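Beneath this line is the structure, given in C-alpha cells, with notes to follow.
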Amino acid sequence: MEKLTFYALSAPEKLDRIGAYLSERLSRDVARHRYGYVCIAMEALDQLLMACHCQTINLFVESFLTMVRKLLEADKPNLQILGTNSFVKFANIEEDTPSYHRSYDFFVSRFSEMCHSSYEDPDIRTKIRMAGIRGLQGVVRKTVNDELQANIWDPQHMDKIVPSLLFNLQQEEGVERSPSPETEKERESPVELTERCFRELLGRAAYGNIKNAVKPVLMHLDNHSLWESKTFAVRCFKIVMYSIQSQHSHLVIQQLLGHLDANSKNSARVRAGIVEVISEAAVIEASGSIGPTVLEVFNTLLKQLRLSVDYELTGSYDSFANMGSKVIKVHEERQLQEAVIKTVGSFAYTLPPYQRSEVMLFIIGKIPVPGMYPALGSVTAGFQSTNILTALPTSFLDPLLSFTLMEDAEIRLLVLDILIGIIDRHDNRHKFSPVRIISDISVLKLKVDKCSRQDNLFMKKHSQRLYRHIYLACKEESSVQRHFESLYTLLALICVELANEEVVVDLIRLALALQDLALTEEALPVYTRCAIHALSAVYLNLICQLTTVPTFCQHVHEVIESRKKLVPFLLPEDVLKLEKVEGEVLFVQTKIAEILGGSGYNTERLATAYIPQITGLTLSLSFKYTGCPVVCLIFFDTVIRH
C-alpha cells in the first residue's frame with residue numbers, strides 16, 4: 001500500500017488507470033463472492049483517495065463512486081455497510097478541483113432505501129438503517145456547499161431525505177439494543193444519530209431552502225396520521241425550531257399556518273395537533289417578533305377559531321349539511337378552540353407592548369364573530385408593561401374606550417378586562433375581588449409604587465377620556481354585577497397605579513358625580529342606581545384610606561355605617577332595591593373639600609362638580625355605535641389619522 005501510494009503521488013496521471021483497475025477487480029471479486037479481496041480493494045481506494053489531492057483526482061473519484069455504487073447494490077448487508085463507510089470517508093474530503101458532471105441521485109435514493117430497511121435480523125436491520133442515515137449525512141455534507149453539484153435542497157431530494165430521517169426518529173420505542181457494555185460505548189442509537197443528522201441538515205438551510213426542508217416534515221406527519229397524537233409532531237418541530245438559523249424562524253411558523261389553513265376541513269383532532277405545534281413553535285421563536293406579518297398570524301388563528309365555532313353550531317364542515325358530510329364531534333371542536341386560544345396567547349406573549357396593542361385592536365375588530373372573546377382575553381393575560389404610554393397609545397386607547405359604550409354587554413365587559421389587565425402592573429387586580437367594604441385596606445397587601453413620569457404624562461393626556469367613559473359606562477342599563485365589579489377594579493387600579501395628588505382629587509370628584517348620577521337619573525333601572533351608589537361608596541372607602549387623611553376617613557366611615565343601618569342595599573354586599581335616599585347616608589362634597597383642604601390638597605377642582613368632558617378627539621368618538629365594529633374601527637382609524 002505504501003508503494004502504491006508513493007507511485008500514485010509520483011505519477012498522478014496514472015490515478016485514473018489505477019482506479020479503473022481496482023474497480024474492475026472489485027466487480028469481479030463481488031461476482032465471485034471473494035469478499036476478502038473486495039475489502040482489500042476498497043481499503044486501497046480509501047487510502048489513495050485520502051492521500052491524493054491532485055487536479056486529476058476527479059477521474060479517480062468516478063471509479064471510486066462506481067465501486068461504492070456496486071457495493072450498495074449488493075444484497076449482502078456487510079457489503080452495503082462497507083460501501084457506506086467508504087462513501088462517508090469520501091464525503092469528509094475537501095476536493096481541490098470542482099466537478100461539473102458528478103451526480104448523487106443514486107446515493108440519495110439508495111441511502112434513503114437503506115433507512116427503511118426491513119431486514120429480518122433486528123441487529124443487522126439496525127446497522128443497515130444507521131448506515132443509510134450516515135450515508136445521507138455524507139451526501140448533504142458533500143453537496144450542500146458546492147454550487148456545481150445538484151441542489152440537494154430540491155424537492156426531489158428533500159422528499160426522500162427528510163421522510164427517511166423522520167421514519168428512524170419514530171423508531172425510538174422499538175429499538176432493540178445489545179446489553180454488551182462495549183457495544184454501548186462504541187455506537188449511538190439510530191434515533192440519536194438521526195436527530196444529529198436532521199439537526200445538521202436544518203442548520204445548513206439558507207433562507208430560500210427552509211420551505212423545501214419543512215414541507216416534507218408536514219407531508220410525513222399527514223401521511224402517517226401523526227398530528228393527532230401531537231407528541232411526535234411537537235418533537236419534530238422543536239428540533240426544527242432549535243436547529244434552523246433564528247432569523248428564519250418566522251418562515252417555519254408561516255408554513256405551519258398555511259398548512260393549518262389547508263386542513264381547515266380536516267378533523268378537529270388534526271387541526272388541534274397542528275395548532276399545538278404552532279403554539280410550541282411560538283414559545284421557542286419568542287424573539288420579540290414573529291416576522292413581518294404579525295397580524296397575518298393572528299388572522300389565520302382567528303379564522304380557524306371562527307371556523308371551529310361555525311362547525312360546532314352547524315354540525316357540518318360544509319356550508320350546507322349533506323349526506324356526505326363528516327360527523328362533527330363537539331368536544332373535539334371545543335378542545336381545538338381552547339388550543340387556538342392558548343396559541344393566540346403564546347404568540348402575543350412574545351410581542352413587545354406596542355405590537356400586542358395592535359393585535360388586541362385587530363381582534364376587537366372581529367368581535368361580532370363568535371369565539372373571539374376568549375381569544376382576546378388570552379392576549380391580555382400576563383400583559384406586563386412598565387411604560388403605560390407604550391402599552392396604551394392613543395391609537396389603541398381611543399377605539400378601545402369607544403367599545404365601553406357599545407350595546408353589547410359582553411363586549412363592554414371584555415374591554416374593561418383589557419384595560420384592567422394593561423393598567424395592573426403589580427398583580428393587584430385580584431385583591432379587589434370580591435367587592436366589599438374593608439375597614440383596613442392594609443389586609444389587601446397592595447403593591448404601590450410612586451408614579452413615574454410616564455404615568456403622570458399618561459394621566460395628564462388621557463385622564464379626562466378615561467373618567468368620561470367610566471362615568472358613561474355606569475349608565476348602561478344592561479350592565480350587571482360583573483360590569484360594576486370590573487368598573488370598581490378599574491377605578492381602584494387607576495388610584496393605586498397611576499394616581500398623583502391631582503388625580504386623587506379628580507377621582508373623588510368622579511365618585512361623587514356617580515352618587516349624583518344615581519340620585520338624579522330616575523329613568524335608570526333600580527338595580528343600576530343601587531349599584532352606582534355601592535360603587536361610589538366602596539371606592540371612596542378605598543381612596544380615603546390611601547390618602548391617609550383621618551377626618552376624610554372618618555366622614556366616609558360614618559356614611560357607610562349609616563348605610564349599613566338604614567339602606568344596606570346601597571353597599572356592595574347588599575345591592576337590592578332603591579328607596580328615597582337623603583341625609584346622612586350620602587357623602588357630602590363640601591365636607592370632603594373642607595377636610596382635604598385642611599390637609600394640603602388643592603380643592604378648587606373638588607368644589608366644582610364633575611361633568612364628563614367632551615374634548616377634541618373625544619367629540620368625534622363619542623357617539624354610541626351599534627353597528628358593525630369593523631366599520632366602526634375604520635371610522636376611528638380615519639379620525640385618528642386626520
Side-chain angles (χ1 to χ4, degrees), residues 397 400-420 423 429 432-437 462-495 498-499 503-543 556 559-560 563 567 569-578 581 585-587 589 609-614 618 621-626:
L397 179 63
L400 192 63
L401 288 176
S402 70
F403 278 92
T404 62
L405 305 181
M406 289 192 69
E407 293 289 345
D408 191 320
E410 190 172 355
I411 294 179
R412 297 203 308 273
L413 187 61
L414 182 64
V415 172
L416 289 173
D417 285 342
I418 293 172
L419 288 169
I420 289 168
I423 294 175
R429 64 182 297 177
F432 299 116
S433 180
V435 181
R436 62 200 185 282
I437 301 293
H462 299 297
S463 61
Q464 293 305 316
R465 280 201 291 277
L466 268 173
Y467 303 153
R468 177 179 182 276
H469 282 84
I470 291 173
Y471 180 89
L472 295 177
C474 290
K475 296 174 63 175
E476 293 292 337
E477 297 183 4
S478 59
S479 294
V480 295
Q481 180 180 343
R482 290 176 60 199
H483 289 85
F484 287 102
E485 289 175 348
S486 294
L487 285 165
Y488 169 66
T489 302
L490 177 59
L491 284 166
L493 288 171
I494 293 173
C495 191
L498 304 171
V503 171
V504 168
V505 171
D506 280 341
L507 290 172
I508 294 172
R509 291 174 63 215
L510 177 59
L512 293 171
L514 290 175
Q515 177 179 262
D516 290 341
L517 173 67
L519 288 171
T520 57
E521 292 282 345
E522 296 183 359
L524 289 175
V526 171
Y527 173 82
T528 302
R529 297 173 69 189
C530 289
I532 294 173
H533 273 296
L535 174 62
S536 175
V538 72
Y539 192 48
L540 284 173
N541 176 67
L542 175 68
I543 293 178
V556 171
V559 174
I560 289 174
R563 288 191 179 186
V567 282
F569 47 83
L570 299 188
L571 295 174
E573 292 86 350
D574 193 19
V575 177
L576 290 176
K577 57 183 181 178
L578 183 64
V581 182
V585 298
L586 297 177
F587 301 99
Q589 182 168 354
Y610 173 78
I611 299 174
Q613 296 182 14
I614 302 178
T618 310
L621 304 175
S622 62
F623 71 96
K624 180 179 290 188
Y625 188 79
T626 58

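These numbers come from a predicted model, not from an experiment.
Scanning all heavy atoms of the two residues, the minimum distance from Q464 to Y610 falls at OE1-CE1, 4.0 Å. In plain terms, the two heavy atoms of I508 and L540 that are nearest each other are CG2-CD2, 4.1 Å. When all heavy atoms of T528 and C474 are compared, the closest pair comes out as CG2-O, 3.5 Å.
For the atom pair H469 NE2 and L416 CG, the distance stands at 11.5 Å (nearest 0.5 Å). With rounding to the nearest 0.5 Å, the separation of CD in E476 from CG in L524 is 10.0 Å. Residue D516 holds its CG atom at 11.0 Å from CD1 of I532, rounded to the nearest 0.5 Å. Here the CG atom belonging to L400 is positioned 9.0 Å from the CG atom belonging to L414, to the nearest 0.5 angstrom. A distance of 5.5 Å separates CG in L472 from CG in L405, rounded to the nearest 0.5 Å. The CD atom of Q515 sits 12.5 Å away from the CZ atom of R529 when rounded to the nearest 0.5 Å.
Partners of H462 according to the ring pair (Phe, Tyr, Trp, His ring centres under 6.0 Å) rule, which considers only residues two or more places apart in sequence or in another chain, are F458. Annotation: side chain to side chain contact (heavy atoms under 4.5 Å, CB included) contacts of S478 (sequence neighbours excluded): A409, R412.
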Solution key, residues 486-495 side-chain donor-acceptor pairs under 3.5 Å, sequence neighbours excluded:
residue: S486; atom: OG; partner: R482; partner atom: O; Å: 3.1
residue: T489; atom: OG1; partner: E485; partner atom: O; Å: 2.9

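In E521, the CD atom is crowded: over 12 heavy atoms of neighbouring residues, nucleotides or ligands sit closer than 6.0 Å.
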Audit row: F432, L542, side-chain contact (heavy atoms from CB on, under 4.5 Å) steps and yes/no: CA-CA 10 Å; F432 299 116; L542 175 68; 4.1 Å; yes
Step-by-step side-chain contact (heavy atoms from CB on, under 4.5 Å) determination, I411 to V415: CA-CA 6 Å; I411 294 179; V415 172; 4.2 Å; yes
Candidate pair L397 and L419, rule side-chain contact (heavy atoms from CB on, under 4.5 Å), full reasoning: CA-CA 9 Å; L397 179 63; L419 288 169; 4.1 Å; yes
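Formation of a donor-acceptor pair under 3.5 Å by the R563 side chain with backbone atoms of L570 is found in this model. Side-chain atoms of H533 never come within 3.5 Å of backbone atoms of C530 as a donor-acceptor pair (strictly under, hydrogens ignored). Between the S536 side chain and the A511 main chain, a donor and an acceptor come within less than 3.5 Å of each other. For Y467 (side chain) and I611 (main-chain N/O), no donor-acceptor pair under 3.5 Å exists by modelled atom type.
For the pair L507/V503, a side-chain contact is recorded, criterion being any heavy-atom separation below 4.5 Å from C-beta on.
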